[in-house]
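See below for the structure under consideration.
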Amino acid sequence: MITERGLMAAVVAVSLGSAGCVNCSPVACQKLSIAAGPTCDTPQTGRQKVYVYLMDGLPVPFTRGLDGLRPELYARGYSKVASGTVLHSAWMAKEMKRTHADDPNARFVVVGYDHGAVSAARLASDVAGGGVPVDALVLLDPSGKTATASGVRTVVIRSGHKADQGAGAESVVLPATHFGLPSHEATVAKVCEILDESATRAWLEQPHPTEVVGWDYEHAPEPLAKPRDVVAPAEWGFLNERPWGGSTPLTPADGAEGKRRRPETH
């Protein structure tokens, strides 16, 4: 006879065994992310700065509600996706803080589903309070009273019934079933819209050099000064021509029929 303690241990084991990885998704998924680049309006350099954390509740063994959402995000160019259950809350918080410390330009989005919504809100509030840039908290069919994270944009997506949105939360109702909501095309589109905003913000906040001044390498030689009092012969002017303008093209020499005469050398 299975005891209550034994049943709980089995659920914990199944949940822990189904955790996703946070920093490096499988090679195949990375290829999907890169392949999405040419057809994606959001720069890949920005998308690679967005980290997504998917949090389920304690699932019935062998079922994971958010399993359908993760590959959809891969296919749209977002490869840094971690998935787990409420049992992984502490691990997710630690990873988010570590990633932020390693890369201050990284952006984060937390998604909670069903019974995982409350823990997802708590996770977002915790790390955001510690200075981690959490751009949004997305709650899919949250069970019970909708929770929000202080200072974090909250979007509540529900399936086919009146939304019970929390204070300060955005509400979306979709014609989907509870179990089909995470992978519903409208859900994927809304989540990707939020991720695109984060990716654009990450790209804009990255340092982009606007001017190169001198040499950066300490042992590089000093550039030679260009003499300003030397004037090149007019016949050498073609060397300064550029397709976008610059010097005036030379007039073809007599009898050259439009061909440029090269200067004679001895």
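If you're wondering where the values come from, they're calculated on a predicted model, not measured in any experiment.
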Give a yes or no on whether a salt bridge exists between R98 and D102, defined as a side-chain N under 4.0 angstrom from a carboxylate O.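 Yes, this pair counts.
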
Does a salt bridge link R201 with E197, judged by any charged N lying under 4.0 Å from a carboxylate O?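 Judged by the 4.0 Å cut-off on N to carboxylate O distance, R201 and E197 do not form a salt bridge.
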
Interatomic distance, [X] atom [atom1] to [Y] atom [atom2] [nearest 0.5 angstrom]:
X	Y	atom1	atom2	value
M55	L87	CE	CG	9.5 Å
S79	Y51	OG	OH	9.0 Å
L54	T85	CG	OG1	12.0 Å

If you look only at distance, which donor and acceptor atoms sit under 3.5 Å apart when one is on a side chain in residues 178-187 and the other is two or more places apart or in another chain?
unit_1	atom_1	unit_2	atom_2	d
H178	ND1	D141	OD2	2.8
H178	NE2	Y113	OH	3.3
H178	NE2	D114	OD1	2.9
H184	ND1	A186	N	3.0
T187	OG1	L181	O	2.8

Would you say Y74 and I194 are hydrophobically clustered, going by side-chain heavy atoms of ILVMFWY under 4.5 Å?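 Linked within one cluster.
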
Group every Ile, Leu, Val, Met, Phe, Trp and Tyr by side-chain heavy-atom contacts under 4.5 Å, then state whether L123 and V118 land in the same group.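 In one cluster: no.
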
Of all heavy-atom pairs between [X] and [Y], which one has the smallest distance, and what is that distance?
X	Y	value
G46	W203	CA-CB, 4.0 Å
R107	S198	CG-O, 3.6 Å
S143	H115	OG-CE1, 3.1 Å
G160	V173	N-CG1, 3.9 Å

Keeping [X] on the side-chain end and [Y] on the backbone end, is there a donor-acceptor pair under 3.5 Å?
X	Y	value
R76	E72	yes
T154	V152	yes
K49	A199	no
R47	G77	yes
T99	E95	yes
S89	V86	yes

Run the side-chain contact (heavy atoms from CB on, under 4.5 Å) check on D135 and L195 step by step: do they pass? CA-CA 9 Å; D135 288 330; L195 299 184; over 6 Å; no

Show your reasoning for whether side-chain contact (heavy atoms from CB on, under 4.5 Å) applies to S159 and T177. CA-CA 6 Å; S159 57; T177 65; 5.9 Å; no

Got a sec: does the NE2 of H100 have more than 12 other heavy atoms crowding it under 6.0 Å?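 Enclosed: over 12 neighbouring heavy atoms sit under 6.0 Å from NE2 of H100.
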
Whether the Y78 and D196 side chains hold a donor-acceptor pair (N or O, under 3.5 Å, no angle test) is what I'd like checked.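 Side chains of Y78 and D196: pair found under 3.5 Å.
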
Quick one: do K80 and V52 satisfy side-chain contact (heavy atoms from CB on, under 4.5 Å)? Show the steps, please. CA-CA 6 Å; K80 297 183 177 179; V52 189; over 6 Å; no

Start with the C-alpha distance between V134 and V127, add both sets of side-chain angles, then the distance that settles side-chain contact (heavy atoms from CB on, under 4.5 Å), and finish with yes or no. CA-CA 8 Å; V134 181; V127 296; 3.5 Å; yes

Taking only residues two or more places apart in sequence, or in another chain, which ones meet K190 in a side chain to side chain donor-acceptor pair (under 3.5 Å)?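 Partners of K190 under the side chain to side chain donor-acceptor pair (under 3.5 Å) test: none.
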
